[in-house]
Participant: 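Handing you a structure now.
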Amino acid sequence: MTHKIAVLPGDGIGPEIVEQASRVMTALGLDLALETAQVGGRAYDLHGHPLPPETLELAKASDAILFGAVGDWKYDALPRELRPEQALLGLRKSLGLFANLRPAILYPQLADASTLKPEIVSGLDILIVRELTGDIYFGQPRGVREVTEGPFKGERQGFDTMHYAESEVRRIAHVAFEAAQKRQKRLCSVDKANVLETSQFWRDIVIEVAKEYPDVELSHMYVDNAAMQLVRAPKAFDVIVTGNMFGDILSDAAAMLTGSIGMLPSASLNERNQGMYEPSHGSAPDIAGQNIANPLATILSAAMLLRYSLNRADAADRVEAAVQAVLEQGLRTPDILSEGTTQVSTSEMGDAVLKALK
Ligand SMILES: NC(=O)C1=CN([C@@H]2O[C@H](COP(=O)(O)OP(=O)(O)OC[C@H]3O[C@@H](n4cnc5c(N)ncnc54)[C@H](O)[C@@H]3O)[C@@H](O)[C@H]2O)C=CC1
Ligand SMILES: CC(C)CC(=O)C(=O)O
Ligand SMILES: [Mg+2]
């Protein structure tokens, strides 16, 4: 059976890193049909919208999506609905991709690349489960309004709305408990229940769901402390489950434990295990077009695609082993370069992974 994969490179470094991941997927010799479409600022330039209908249709009709990144400073003055980032939010919402899995693994070869001491990060293997289609990123109403009473009367005020429905919390909690069952059976739910009603509600529901998973040890942590613990003693975590905004922030922090944000892949899944796979980082306009971005997060995202959406754990293992092999050979893009290693470009890193594929 041919698997249809939508390839959406996007902006900035997106096309450079997705090219390498596409090459790796093609080289596996599987029955895959890769089809590319425009998304983000590039789609806005060409079609007047960051998520053109043809791109959305292709994504919906595919078994899985390989996504690069979107965004560039030059689009920041556009109305919100036309900004490149809306394409990503639109895809997540339209496809119901509520479960975002962000594994933060420190490959032993990169112990020196992390900004943290090797003893703090060596052996690190944590999984952040981020809710992806709710929270303040999608809550309505939002906007800018005039204040009509109180100390700020007459001023303009920006506002957003944070909310979570019970079913939204339940389904992401189930994903996280099930993931924990397959790992060290420890789940930490991160919230801000000491301040936010939404968070207290989140916590109450997670405690209810926990009754179905007596074999998983559940703990709770406020997000400010979680940010601190991630850099103080990250190995104390196994699986973290959290809301959309806290997960966005904590996963960037976790990325630095692995040496670089260029190493952190992600899978965004819906209830049918259809998925969008993308690096956790953005379009990095500061390094775009220079052939220096790290493509490994995208290549590892392709491995997650094979594992979760195509049920090809064997092929995923091959890709992950090839990434390990190139790191073992000492090959590094500038973001993970350390003493005694060899600097390579984005495309040379892709070449090396292809060569290392068994
Ligand atoms: N999933 C997506 O498409 C996301 C898009 N963005 C967008 O990306 C643009 C830039 O946002 P930033 O906040 O700067 O975040 P960013 O993740 O693009 O970059 C942050 C820093 O990490 C570096 N970096 C990122 N990926 C790298 C890689 N593969 N190899 C080496 N270095 C890498 C960048 O050079 C930069 O110094 C904005 O327009 C933002 O809205 C941001 C986050 C996610
Ligand atoms: C551009 C944002 C909506 C996405 C983001 O920062 C992320 O998913 O990590
Ligand atoms: Mg982010």
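Start at 1 and go down the list; that is how both ligands and their atoms are numbered.
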Participant: I'd like to know if the side chain of S260 pairs up with that of D335 as donor and acceptor (distance under 3.5 Å, no hydrogens or angles considered).
Facilitator: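 Yes, a side-chain donor-acceptor pair sits under 3.5 Å.
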Participant: Any side-chain donor-acceptor pair under 3.5 Å between S283 and D11?
Facilitator: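 There is no such pair between these side chains.
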Participant: Please tabulate, one line per pair, the protein N or O atoms found under 3.5 Å from any N or O atom of ligand 1, giving the distance to one decimal.
Facilitator:
| residue | atom | partner | partner atom | Å |
| --- | --- | --- | --- | --- |
| ligand 1 | 1 (N) | E278 | OE1 | 3.2 |
| ligand 1 | 3 (O) | V70 | N | 2.9 |
| ligand 1 | 8 (O) | S283 | N | 3.1 |
| ligand 1 | 8 (O) | S283 | OG | 3.1 |
| ligand 1 | 17 (O) | G282 | N | 2.7 |
| ligand 1 | 18 (O) | G282 | N | 3.4 |
| ligand 1 | 18 (O) | S283 | N | 3.3 |
| ligand 1 | 18 (O) | A284 | N | 2.8 |
| ligand 1 | 26 (N) | H281 | ND1 | 3.3 |
| ligand 1 | 29 (N) | H281 | NE2 | 3.1 |
| ligand 1 | 29 (N) | N294 | O | 3.0 |
| ligand 1 | 30 (N) | N294 | N | 2.9 |
| ligand 1 | 35 (O) | D286 | OD1 | 2.9 |
| ligand 1 | 35 (O) | D286 | OD2 | 3.0 |
| ligand 1 | 37 (O) | D286 | OD2 | 3.0 |
| ligand 1 | 39 (O) | D72 | N | 3.4 |
| ligand 1 | 39 (O) | E85 | OE2 | 3.0 |
| ligand 1 | 41 (O) | E85 | OE2 | 2.5 |

Participant: Might you confirm whether atom CD of Q140 has over 12 heavy atoms from other residues, nucleotides or ligands at distances under 6.0 Å?
Facilitator: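 Check passes, neighbour count above 12.
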Participant: Would you mind writing out a table of all protein N or O atoms found under 3.5 Å from any N or O atom of ligand 2, naming both atoms and giving the distance to 0.1 Å?
Facilitator:
| residue | atom | partner | partner atom | Å |
| --- | --- | --- | --- | --- |
| ligand 2 | 6 (O) | D248 | OD1 | 3.1 |
| ligand 2 | 6 (O) | D248 | OD2 | 3.3 |
| ligand 2 | 8 (O) | R92 | NH1 | 3.2 |
| ligand 2 | 8 (O) | R92 | NH2 | 2.8 |
| ligand 2 | 8 (O) | R102 | NH2 | 3.2 |
| ligand 2 | 8 (O) | R130 | NH1 | 3.1 |
| ligand 2 | 9 (O) | R102 | NH1 | 3.3 |
| ligand 2 | 9 (O) | R102 | NH2 | 3.0 |
| ligand 2 | 9 (O) | R130 | NH1 | 3.3 |
| ligand 2 | 9 (O) | D248 | OD1 | 3.0 |

Participant: Less than 3.5 Å apart, any donor N or O on the side chain of Q290 or E16 sitting next to an acceptor on the other?
Facilitator: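 Per modelled atom types, Q290 and E16 side chains form no pair under 3.5 Å.
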Participant: Only counting residues at least two apart or in another chain, list the ones meeting salt bridge (Lys or Arg N to Asp or Glu O under 4.0 Å) with D248.
Facilitator: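 Counting only residues at least two positions away or on another chain, D248 forms a salt bridge (Lys or Arg N to Asp or Glu O under 4.0 Å) with R130.
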Participant: Under 30°, 30 to 60°, or over 60°: which ring-plane class applies to Y164 and W202, parallel, tilted or perpendicular?
Facilitator: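 The arrangement is tilted - the two ring planes meet at 30° to 60°.
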Participant: Ignoring hydrogens and angles, tell me if any N or O in the side chain of K185 forms a donor-acceptor pair with the backbone of D238 under 3.5 Å.
Facilitator: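 No; zero donor-acceptor contacts below 3.5 Å.
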Participant: Between Y107 and E328, does any side-chain donor sit less than 3.5 Å from a side-chain acceptor?
Facilitator: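 Note: Y107 and E328 side chains miss the donor-acceptor criterion.
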Participant: I need the single residue from R183, R186, K235 that forms a salt bridge (Lys or Arg N to Asp or Glu O under 4.0 Å) with D125. Which is it?
Facilitator: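 Considering R183, R186, K235, a salt bridge (Lys or Arg N to Asp or Glu O under 4.0 Å) with D125 is found only for R183.
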Participant: For Q86 and R83, does a side-chain donor sit closer than 3.5 Å to a side-chain acceptor?
Facilitator: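 There is no such pair (donor and acceptor under 3.5 Å, judged by atom type) between the side chains of Q86 and R83.
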Participant: Please report the number of protein N, O or S atoms that lie less than 2.8 Å from the Mg ion (ligand 3).
Facilitator: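 With waters ignored, the protein N/O/S count below 2.8 Å is 1.
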Participant: Side chains of T133 and E131: do they bring a donor and an acceptor to under 3.5 Å?
Facilitator: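 Side chains of T133 and E131: pair found under 3.5 Å.
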Participant: Can you tell me which residue among L28, N311, D317, D314 is in a side-chain contact (heavy atoms from CB on, under 4.5 Å) with L306?
Facilitator: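 Only one option passes, and that is L28.
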Participant: One pair to check against side chain to side chain donor-acceptor pair (under 3.5 Å): R203 and Q200. What are the steps and the verdict?
Facilitator: CA-CA 5 Å; R203 187 178 285 217; Q200 185 59 56; 5.3 Å; no
